[in-house]
J.: 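Quick one: this structure, given as structure tokens, is what I'll be asking you about.
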Amino acid sequence: MLGIENLPKLAGPFLKTERNSPAAMIQQLEQDQGGGMAKDLAKNRRVVMPSWTEHEEIKESQQSCTRNKVQTTKYTFLSFIPKNLFEQLHRFANVYFVFLGALNFVPIVNAFQPEISIIPIVFVMSITAVKDLWEDQRRRKSDQKVNNRLCEVYDRKQKQYVERRWAEVCVGDLVRLCCNEIIPADMVLLHSSDPNGVCHIETANLDGETNLKQRQVVRDLPQQGSEFVPENYSSHIECENPNNDLRRFRGFMEHPGKVRVGLHSENLLLRSCTVRNTETVIGIVVYAGHETKAMQNNSGPRYKRSKLERRLNMDVLWCVILLLLMCLIAAVGHGFWLSGRQNPIYMIPDDTHPALAAFYMFWTMIIVLQVLIPISLYVSIEIVKLGQIYFIQNDLDLYNPVLDTGVQCRALNITEDLGQIQYLFSDKTGTLTENRMLFRRCTVAGTEYPHHENAISLEQYEEQGCGDADHSLTLRSRTSRKSLSCKSLSCNRSSVSLNTLTAESDTHSVHDTLRRHTPGAGAFSSTMECAVVPDPQLQARLNTLSSPMRSPLRQQAAEISHILDFFLALTVCNTVVVSSPTQPRHVQMPVFRTPLRSLEEMKAMFQKLSLPRFPSSTSQNTDTPPSLTKKLFTRGRSASYFPNNSPQTPITTLQSPTAHSGTPSNTPTTPVTPALSSGAWSEDVDDIQKLLYEAESPDEAALVQAAKAYGCTLLGRSPEQVLVAVPGTGPLSIPLLHVLPFHSARKRMSVVVRHPLTGEVVVYTKGADNVIMELAEAAEYGFCREIMERTQRHLDQYAREGLRTLCVAKKVLEEQEYKAWLKRHEYAETSIENREELLLESAERLETNLTLLGATGIVDSLQEEVPETIEALQEAGIKVWVLTGDKQETAINIAFACKLLRPTDHILMETCEARLHELQHEIRQVTKEGVSEDDSSDCVLVIDGRTLDYALQKELQGSFLELTCCCRSVICCRSTPLQKSQVVRLVRDKLKVMTLAIGDGANDVSMIQMADVGIGISGQEGMQAVMSSDFAISRFKFLRKLILVHGHWCYARLANMILYFFYKNVMYVNLLFWYQFFCGFSGSTMTNSWVLIFFNLLFTSVPPIIYGMLDKDVSGETLLDLPDLYKSGQNSQAYLPSTFWMNILDAFYQSLVCFFIPYFAYAGSDIGVFSFGSPINGSALLIILLHQLIESRTVTWIHTALLLFSALFYYAFVLLFSLTCVTCNSPTNPLGIETKMMSEPVYFLVCGLTTVLALLPRILCRAFCSTICPSDLVRAQKMEILSAQDYSTSLRQWKENKAAQRLSSRHVPQNLSVNADMPHLTECIAEAGAVLS
């Protein structure tokens, strides 16, 4: 949905009336407001003139602007090393190890060879640098390719357009582009070869949307409509400074006559978009290079810090504290040891004081025990997450063959957060539902038309499995892939895009046509969806317009007046783009070949409505509007229609017409296209049936198709007019004056048109029923009150059926009233500061005192497997909230249909602050009686947007959250995008829980970005949600496996891998620490420095990485069958503080065993220090590798091969080192030590005994926990080894036990019922099961 800042440009030149110029109006308004505003804000604006301008100040300002050359690389040849080092040193771990490496170069504190100490940090940082360099080179090549593209820029010296590289384009250059060319910079459109000044662009490179966007030339340009001569262009542009808002552009163009024209986003051609369906366009560059909106939005991949990563950082700090404590103990011990020795013969005497020696020893021990901080852990985590993303994106169960898309992982570092979700916030339309809107029924002027045959047709369509829709969706997906290249779209001259609807025979079927040219974001994806079966009663009333045998009564004429206005509003009040199979995705503004109907034929048609005849003498140049046709298209207060009115009820009629039938002088100069003769009209019926509609939202296209089914057909659209076929008259050209697009604050859209027959200015509005009814209520009185009451009852019935409701209204403006509004609106359009607020105020000023025409009910069926998915998520302990803008009744019925609500649930209706406290008190009474605040609650809170505003106030937030915590789920109705994000932030920050938000449209972007994990659905409403999300899926049902399976796996794998890294580092470092008690705390080690450095960096680092990618504690099938298993991740059971410290204690125990068994085994022998360290290192390696084997739940040949490889790699290295290295560990000599030790049986006996004793407690603990008090995960693991029949039996018993537990913990609160203030909801809930079962 578009915001007000995206207000489309005016459809054509302003009406040629005798009024002041826009410049005079603006000047007058500025004088009224004190003037001088523009001068004060000039520094925040940009002035753009042609690059050859002689205005020195502006020329200097433009030359200071960024050139069009883009550079996304970070480094140059000279800056790579220093800049990359600087970036890597932002990570604390890198700074820590660089500091230790530098410290080891200080002779007085060094522990071993300085060169060896820097190997780990050099290795890790080199890998990162190579990765960064490779990525930077890819960006460099891409930049060169983009910068070297060519475009045509006007050269004043040569008086012609010349080719220039994109990098040479500057602000103020006039650029000419042809069809299928990519736009090099942000340009204001000055000229289009299209006669209507229209250009179409494809924005797939920006937002992924393949449907075409319409852009138009700045209105009132002196050269508009003729060949554009750059030399004659002398206007200047004043616009806002560069920003990243793709959907907003504020500024104005001032022509030589001081006439200002407002500039909008519809006048701006954005960089990276592609010109389509237009032969030539010319624009002036306003933003270039990195100032363009495309580059301003090029922020790279999203980065978030996961909950597990935050926990990891805390535990790293604990390791730092532990390291400092061990070093302090060693330093103090060394000081006491020195002070206790008096002139020892084995020491070199020096004058160092024991206290100073202890200080030096503290830093030496920092170097010796440095591996306690896992330097390789951060690199390993990045590698594991990339592997997890690879497996997620290649899961065939998450692949949609219809759309040819899988899961997109856009955030690379929060995969584990998927396994800890506690609250899920979901949009409704397009997320839970298909967002394929199908017209179901309508009510017009208080009379309901049920469309029973249409309902039967839709049921048959659903029973067929929507096969056609799936087929067509496949076609649509092909248009979004690169196989549909830029050149594959035909690009004839612009006049072809506005050509006539030919009667050439088309031998291809509709599906063949769609296969070639289905719009990427078209709302309708099959011919079945487009087909609407008219209601016989409504069709019969419309047939009176074309039937020569019937003459309706005046009352019927008034009714038909409402009906025609209703369908006319459905036809023109939208932004639908019309195309045809012969000219795919071209905007159609057909000019029919047939002769025009004579005035007598039109007169005969109006006689059918018992309207006064045309006067005998007519003048086409009179100044008053024709009044004879006003009866057909009149305001509600002039002619009325009473549903089921008795004959004796008086009916207000029009006065007799005057003798004027011409076009009023204040109407546009665009000629009215009369209706076609009936014979000629029938020749074009086939072409009309082939029209294709491409809408920005599916409900727009559904309403246009519904109007088409009744003969009110949208034939074409241009910025100036809309061509509509009206029953009984044929095509009518309706001048389009203004389009006020949909805005989430207004919840409606409007179009301002000049009626083609009456010449009146008419506002057609459609929007949310509650908003339109409020706006119409102020204008309705007397006889119209009954219509409103009837319509409201019909709306309530539609909502109970789960239909999306929309109200339609109109308003007729007097000329003076329109001029007054237009004056203020023009000022708003030409404003740069606060333009959105001014335009919003202008639209709201116009949309008042509306006349209600009717309402529509649109069906939007649920996506497949949505009920099963929500049920599984709730069983997993996830609280599901639905945040929607729909009516309360509609949301409740959809909630019943998707099993978010159960028949036994109690719905709490919150409609005011007092009701909030009342419900809170009742909930407290219930919880005192034993109801726990979890998923066993039977309460569901339903709150509307107005009440939500109160609940989000600071003083009520606590009460609101307390109430929601006692409810199983919450449904927020009539909520705005801002409210959605506020709710997510409130729950996330106040309850300190993990949140996930999922949506499919632009109105869900703020909610998606606010949540810890944001998921976008690539649906019918474009790609805005996907572009803002962390993960993207194509169907809601995929959320089930993504969270319950992949989320659980990612969290469990990563948590266990991190704990394993801490364990192995602490275990090995403690071996060095225990040795200090036997070497006078001198900082010596019992192993050579090479093995010390490589032990954690190489010998034991690869197995945990594979463990973090492939380990499965429970199979995916079991996780889907038993959603309860997901709760282990919610509660962080795999990585609790207690779990961390248990692993640390286990590491201490294993290090004691690993050190002291070899110590006592070789006590009294004459082996050397390195010989003593050999069995300790060998035992430590076996213990660490087998410890991982114990912790692994899945052992495959890959795990086994890597464990064997690590062990063999270690022994191969130490044996080779022992055989060849003589001076590798100066001043000691490790030559022959390993070969000698391994030749003795006692070595293997010591290693075997040490390994068994070290791992025995962990094995016993695992066995005890699995046998005596098994967790749900352990029970599930045992179930998986059963036979298929036993597994099914155990699964059924598991679910029965869980259901019994939930049932026994429930307390049905009899005093919590539906709010008595809204009695109609009782009926709604009672009927929900029957309607949507």
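All residue numbers refer to positions in the sequence shown, counting from 1.
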J.: Can you measure from CD (E266) to CD (Q216) and round to the nearest 0.5 angstrom?
T.: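 Going from CD on E266 over to CD on Q216, the span is 7.0 Å.
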J.: Going from CG on L838 to CD on E829, what distance comes out if it is rounded to the nearest 0.5 angstrom?
T.: 11.0 Å
J.: Tell me which pairs pass ring-ring contact (aromatic ring centres under 6.0 Å, His included) where either residue lies in residues 127-159, with sequence neighbours left out.
T.: W52-Y154, Y154-Y161
J.: Within the distance-only criterion (no hydrogens, no angle test), does the side chain of D1000 pair as donor or acceptor with the backbone N or O of S1018 below 3.5 angstrom?
T.: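 Pair absent, no side-chain N/O of D1000 close to backbone of S1018.
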J.: I want to check something: taking the side chain as every heavy atom from C-beta on, are T72 and M295 in contact at a cut-off of under 4.5 Å?
T.: yes
J.: Find the distance between CD1 (I127) and CG (D132) and round it off to the nearest 0.5 Å.
T.: 12.0 Å
J.: Mind running salt bridge (Lys or Arg N to Asp or Glu O under 4.0 Å) on K258 and E254 for me, showing each step along the way?
T.: CA-CA 6 Å; K258 301 299 182 181; E254 187 170 307; 3.6 Å; yes
J.: Quick one: list whatever passes salt bridge (Lys or Arg N to Asp or Glu O under 4.0 Å) with R149, sequence neighbours left out.
T.: none
J.: Test I1015 against every option in V407, D1030, I1033 by the side-chain contact (heavy atoms from CB on, under 4.5 Å) rule and name the one that passes.
T.: I1033
J.: Got a sec, which residues hit side-chain contact (heavy atoms from CB on, under 4.5 Å) with K131, two or more places apart in sequence or on another chain?
T.: E135
J.: Classify the side-chain pair R276/N180 by whether it contains a donor and acceptor separated by less than 3.5 Å.
T.: yes
J.: Suppose we screen for side chain to side chain donor-acceptor pair (under 3.5 Å). Which residues come up paired with S306, at least two apart in sequence or across chains?
T.: E416
J.: Drop me the distance from E202's CD to T274's OG1, to the nearest 0.5 angstrom.
T.: 5.5 Å
J.: So, K293 and N243: side-chain donor and acceptor under 3.5 Å apart, yes or no?
T.: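 Distance-only check passes for K293 and N243.
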J.: Measuring from atom CG of D136 to atom CZ of R140, what distance do you get when rounded to the nearest 0.5 angstrom?
T.: 5.5 Å
J.: Where the side chain of Q214 meets the backbone of V198, is there a donor-acceptor pair that is under 3.5 Å apart?
T.: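 Here the side-chain-to-backbone pair does not exist.
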J.: Check for a donor-acceptor pair, side chain of T292 on one end and backbone N or O of H290 on the other, with a separation under 3.5 Å.
T.: no
J.: Under the salt bridge (charged side-chain N to carboxylate O under 4.0 Å, His left out) definition, can you give me all pairs with a residue in residues 176-191, not counting sequence neighbours?
T.: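 Qualifying pairs: E152-R176.
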J.: Could you work out, with salt bridge (Lys or Arg N to Asp or Glu O under 4.0 Å) as the rule, every residue matching R250, not counting sequence neighbours?
T.: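 Salt bridge (Lys or Arg N to Asp or Glu O under 4.0 Å) check on R250 returns E240, E836.
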J.: Using the test side chain to side chain donor-acceptor pair (under 3.5 Å), find all partners of E382 that sit at least two apart in sequence or belong to another chain.
T.: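 E382: side chain to side chain donor-acceptor pair (under 3.5 Å) contacts with R91.
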J.: Checking S1006 side chain against P977 main chain: does a donor-acceptor pair fall under 3.5 Å?
T.: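 Checked: pair present.
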J.: Do the side chain of Q88 and the main chain of M125 share a donor and acceptor less than 3.5 angstrom apart?
T.: yes
J.: For R164, enumerate each residue passing the salt bridge (Lys or Arg N to Asp or Glu O under 4.0 Å) test, keeping only those at least two apart in sequence or located in another chain.
T.: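 Partners of R164 under the salt bridge (Lys or Arg N to Asp or Glu O under 4.0 Å) test: D155, D173.
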J.: Return the set of residues passing salt bridge (Lys or Arg N to Asp or Glu O under 4.0 Å) with R138 (not counting sequence neighbours), or none when no residue passes.
T.: none
J.: Are the side chain of R46 and the backbone of Y287 linked by a donor-acceptor contact shorter than 3.5 Å?
T.: no
J.: Taking it one step at a time, do W166 and V70 satisfy side-chain contact (heavy atoms from CB on, under 4.5 Å)?
T.: CA-CA 9 Å; W166 276 24; V70 296; over 6 Å; no
J.: List for me each residue that meets side chain to side chain donor-acceptor pair (under 3.5 Å) alongside S79, sequence neighbours excluded, and say none if there are none.
T.: T76
J.: Please identify each residue that fulfils ring-ring contact (aromatic ring centres under 6.0 Å, His included) with F77, with sequence neighbours left out.
T.: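 Listed in chain order: nothing, the list is empty.
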J.: State, yes or no, whether a side-chain contact exists between C199 and V275 at a heavy-atom distance under 4.5 Å.
T.: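 Result yes, sub-4.5 Å side-chain heavy-atom pair found.
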J.: If you draw a 6.0 Å radius around CG in L150, do more than 12 non-hydrogen atoms from other residues or ligands fall strictly inside?
T.: yes
J.: Can you name the side chain to side chain donor-acceptor pair (under 3.5 Å) partners of K159, sequence neighbours left out?
T.: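 Per chain and number, K159 pairs via side chain to side chain donor-acceptor pair (under 3.5 Å) with E231.
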J.: Using atom types as modelled and distance alone, determine if a side-chain donor or acceptor of N84 lies under 3.5 Å from a backbone N or O of F80.
T.: no
J.: CD1/I389 to CD/Q408 distance, rounded to the nearest 0.5 angstrom?
T.: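 Reported value, rounded in 0.5 Å steps: 12.5 Å.
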